[in-house]
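Working notes for the structure below.
Please read all numbers here as calculations on a predicted model, not as lab measurements.
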Amino acid sequence: SSRQKNEYILRPETVETFYILHKITGDPIYRQWGWEIFQSIEKYCKTDIAYGKYGNVMNVNYKPQDSMESFFTAETLKYLYLLMDPDSEVDFEDHVFNTEAHPLNIHRKEDNSAAQ
């Protein structure tokens with residue numbers, strides 16, 4: 001039998017998807033949804049000194065656990081920042097993201113065939 005997990009461990013995939021969809025479509029709904037996720041993280045996952053995974057999203061009285069994976073700051077918060085930043089110079093024409101959400105410049109090889 002398959003068992004549904006009700007935990008949220010601060011993973012980045014949803015906000016990463018919202019960021020990409022917003023960049024492609026320009027639809028403000030993705031920023032709204034990202035903001036709602038950020039507010040929920042602040043409300044339910046914030047601890048006294050950091051953030052923690054939330055063991056049961058079906059229970060609003062649950063307390064966050066004392067466990068924060070590095071991808072939360074490296075990816076989840078970074079994608080939320082990029083999603084909300086209207087002046088971001090990161091674009092899909094000149095950048096590619098690595099697996100840790102670091103935007104890397106694309107260096108294109110110059111076409112020297114016309115100069116010959």
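Minimum interatomic distance between Ala74 and Ala101 (heavy atoms only, all atoms of both residues): O-CB, 3.9 Å. Across Pro64 and Cys45, no two heavy atoms sit closer than the pair CB-O, 3.7 Å.
Counting non-hydrogen atoms of neighbouring residues, nucleotides and ligands closer than 6.0 angstrom, the CG atom of Asn56 exceeds 12 such neighbours. No more than 12 heavy-atom neighbours from other residues, nucleotides or ligands sit within 6.0 angstrom of CD1 on Ile49. Heavy atoms from other residues, nucleotides or ligands lying under 6.0 Å from CD of Gln39 number more than 12.
For the atom pair OG of Ser40 and CD of Glu42, the computed distance is 10.0 Å after rounding to the nearest 0.5 Å. Atoms NE2 and CD1, from His22 and Ile20 in turn, are 13.0 Å apart once rounded to the nearest 0.5 Å. Here Met58 contributes atom CE and Glu7 contributes atom CD; the two are 14.0 Å apart, rounded to the nearest 0.5 Å. Interatomic distance, Glu75 CD to Leu80 CG, rounded to the nearest 0.5 Å: 12.0 Å. Taking CG of Leu82 as the start and CG of Leu77 as the end, the distance is 11.0 Å to the nearest 0.5 Å.
A donor-acceptor contact under 3.5 angstrom links the side chains of His95 and Asn105, judged on distance only.
Separation of the Tyr54 and Tyr8 ring centroids does not fall under the 6.0 Å cut-off. In this structure, Tyr51 has its ring center under 6.0 Å from that of Phe72.
The shortest side-chain heavy-atom distance between Asp94 and Ile106 does not fall under the 4.5 Å cut-off. Here the side chains of Phe92 and Lys23 are in contact, with some heavy-atom distance below 4.5 Å. Within the 4.5 Å cutoff, the side chain of Asp27 has no heavy atoms near those of the Leu21 side chain. Looking at heavy atoms from C-beta onward, Phe97 lies in side-chain contact with Tyr19 at the 4.5 angstrom threshold.
When the side chains of ILVMFWY residues are joined at heavy-atom separations under 4.5 Å, either directly or via intervening members, Val96 and Ile24 end up in two distinct hydrophobic clusters. Cluster membership for Val90 and Met84, using ILVMFWY side-chain heavy atoms within less than 4.5 angstrom, is shared.
The cationic group of Arg31 does not satisfy the cation-pi geometry with Phe18, failing either the under 6.0 Å distance to the six-membered ring centre or the 45° limit from the ring axis.
Ionic pairing of Asp85 and Lys78 is not present here: no N-O contact between side-chain nitrogen and carboxylate oxygen is shorter than 4.0 angstrom.
Taking the six-membered ring for Trp and thresholds of 30 and 60 degrees, Phe38 and Trp35 have nearly parallel ring planes, at less than 30 degrees apart.
Judged purely by atom type and a 3.5 angstrom limit, Thr76 uses its side chain to pair as donor or acceptor with the backbone of Leu10.
Listed by chain and number, the residues in a side chain to side chain contact (heavy atoms under 4.5 Å, CB included) with Ala50 are Thr47, Met68 (sequence neighbours excluded).
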